[in-house]
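Comments concern the structure below.
Predicted model only: the values in this text are computed from it and were never measured. Whatever order the structure lists ligands and atoms in, that order sets their numbers, starting from 1.
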Amino acid sequence: MTVTIVGSQLGDEGKGGVVDIYGDAVDVVARYQGGDNAGHTVVHDGTKYKLSLVPSGAIRGKVGVLGNGCVVNPETLFDEIDTLRERGLDPDVRVAERAHVILPYHRALDGIEEDEKADLAAGTTKRGIGPTYEDKAGRRGVRIGDLLEPDVLRERLEYVVPQKKALAEEVFGKETGEEFDVEHLFETYREYGERLAEEGMTVDCGTYLQERIDAGDNVMLEGAQGTSIDIDHGIYPYVTSSNPTAGGASVGSGLGPTVVGQGDVIGIVKAYLSRVGTGPLPTELGGVDGQTPDYDATTGAGGDAEELATYIRDEGGEYGTVTGRPRRVGWLDMPMLRHAARANGFTGLAINHIDVLAGLEEVKVGHSYRLDGEETLTMPPTTEAWGRCEATLKTFEGWSDVDWTAVAAEGYDAIPEAARTYLEYIADELETPIYAVGVGPGREETVIVEDPYE
Ligand code: IMP
């Protein structure tokens with residue numbers, strides 16, 4: 001039995017919290033794409049843990065797997081594991097031998113290319129994610145399994161590193177250091193390989209997961225980032241380099257699509273929008289650092305929008321977990337969600353952060369877009385067209401702040417009526433039932449309507 005958790009917007013929808021609430025029944029949590037660009041904060045026994053690679057379930061005694069669709073920076077992996085051990089935890093983390101390795105030159109090139117791209121820059125986390133997936137597709141990547149075989153590792157590095165060095169020095173005119181030095185890389189990454197082997201961390205991911213399922217265990221497949229920054233279904237080129245969408249759960253874990261499709265696919269929705277990184281955002285409110293985007297007055301942009309954006313940003317703690325950058329915020333975007341519901345085939349929704357909007361007199365939603373004079377209900381396929389979309393807003397009555405912990409304990413009907421109207425509008429539009437509603441950041445602050453493992 002699998003349950004797949006997918007971000008339906010731009011990442012940071014609160015997937016970790018949902019993994020957590022359904023986590024008690026879960027034995028194995030596997031990530032299927034992305035790398036250490038996926039910041040998540042987990043609170044366990046009163047201690048806060050900031051992780052960017054290790055699946056949050058590993059803190060709670062579950063096996064955490066990094067699937068073959070992930071890109072793994074061994075330095076981050078071991079730093080996170082060592083920090084958890086220093087704090088008295090003993091995380092059980094497995095890594096797919098087919099997963100690709102992020103090497104120091106990938107990180108260096110990520111930074112160099114972002115600077116070079118100027119207006120086309122995606123605002124990446126500069127963790128080397130894109131350059132590593134590029135090398136995967138270019139068949140010049142280094143995989144986790146290669147770290148276990150020194151001869152293979154050396155052969156791969158000897159082929160690829162001179163190319164990367166030439167790219168940095170001759171194309172981009174940069175000075176290079178040990179991150180482009182074959183001997184240094186070979187020694188460092190061979191040692192990582194030895195540690196992976198000593199600790200018995202590497203797995204044939206699909207086989208491992210299937211065996212656990214056959215033995216009756218529950219597996220959760222956890223997507224990182226979100227549908228609108230998916231490399232195929234997102235707002236290219238302002239996207240990440242992998243597939244957060246549900247199809248990625250199969251390809252990136254080694255489980256067949258029919259296995260994944262037998263279980264639920266839960267879309268995680270934030271009750272408003274937030275994003276780090278660049279690109280258009282039709283329902284954006286205000287801007288960060290005075291960069292107010294030029295919206296149609298009907299969207300409410302202007303001084304008030306700026307204030308509203310700051311309010312939501314601060315109430316929702318909308319600052320990047322990995323980078324600390326203030327996130328851009330906007331109203332919920334229904335065309336974006338309709339696109340996500342179709343691309344992922346959601347069977348349930350978890351809608352988060354309705355408490356963040358509490359206290360606003362009115363809550364707006366981008367119900368549809370006007371694109372080149374036509375009304376449209378879904379996202380256009382090109383980002384340029386998306387940039388021309390003007391959101392047609394629908395206004396909902398706001399709801400007041402209440403004791404959300406008490407609401408979570410009492411259940412769905414205890415949610416303020418105006419908030420329920422908002423939630424039910426979303427569920428109706430997406431023709432998908434609500435499984436959970438997040439009413440606060442804590443573990444206890446979620447209203448559970450449906451448990452996919454029951
Ligand atoms: P990259 O994944 O670091 O290559 O960044 C590509 C784009 O994805 C940028 O716009 C990032 O800000 C965005 N991004 C990457 N990881 C996350 C995440 O975990 N949450 C939200 N946005 C992300």
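Considering all non-hydrogen atoms of both residues, Arg328 and Arg313 come closest at CA-NH2, 4.4 Å. In terms of heavy atoms, Asp355 sits closest to Pro441 at OD2-CD, 4.5 Å.
Between Phe396 and Tyr425, the ring centre distance stays below 6.0 Å.
Against a heavy-atom cut-off of under 4.0 Å, Leu10 is close to the following atoms of ligand 1: 21 (C), 22 (N). Interface atoms of ligand 1 facing Ala38, defined by a heavy-atom separation under 4.0 Å, are 19 (O). Near Gly123, the atoms of ligand 1 lying under 4.0 angstrom from a non-hydrogen atom of the residue are 9 (C), 10 (O), 11 (C), 12 (O). The distance from ligand 1 to the heavy atoms of Val239 drops below 4.0 Å at these ligand atoms: 6 (C), 7 (C). Within ligand 1, the atoms closer than 4.0 Å to a non-hydrogen atom of Arg275 are 10 (O), numbered from 1 in the order shown.
For a threshold of 3.5 Å applied to N or O pairs, the pair formed by Lys126 and ligand 1 contains no separation below that value. At least one N or O atom of Gln225, backbone or side chain, sits closer than 3.5 Å to an N or O atom of ligand 1. For a threshold of 3.5 Å applied to N or O pairs, the pair formed by Arg127 and ligand 1 contains no separation below that value. Distances between N or O atoms of Thr124 and those of ligand 1 include no value under 3.5 Å.
Contact annotation: for Asp110 versus ligand 1, there are no heavy atoms closer than 4.0 Å. Only the side chain of Arg325 comes within 4.0 Å of ligand 1, counting heavy atoms alone; its backbone N, CA, C and O stay farther away. Residue contacts with ligand 1, taken as heavy atom pairs separated by less than 4.0 Å, involve Thr240 via backbone and side-chain atoms alike.
For the pair Asp119 and Lys117, the salt-bridge criterion is not met [side-chain N within less than 4.0 Å of a carboxylate O].
Between Tyr192 and Phe78, the two ring planes are parallel [angle under 30°; tilted spans 30° to 60°].
The residue from Asp230, Ile229, Ile235, Asn37 that puts a heavy atom closest to atom 23 (C) of ligand 1 is Ile229. The residue among Gly130, Ala122, Pro244 with a heavy atom at the shortest distance from atom 9 (C) of ligand 1 is Ala122.
With no hydrogens or angles considered, no side-chain donor-acceptor pair links Asp27 and Asn218 at under 3.5 Å. Side-chain contact check for Asp146 and Tyr189: no donor-acceptor pair (N or O, by modelled atom type) lies under 3.5 Å. Using a 3.5 Å distance cut-off with no hydrogens or angles, the side chains of Asp135 and His100 do not pair a donor with an acceptor. Of the N and O atoms on the side chains of Asp230 and Thr240, not one donor lies less than 3.5 Å from an acceptor on the other residue.
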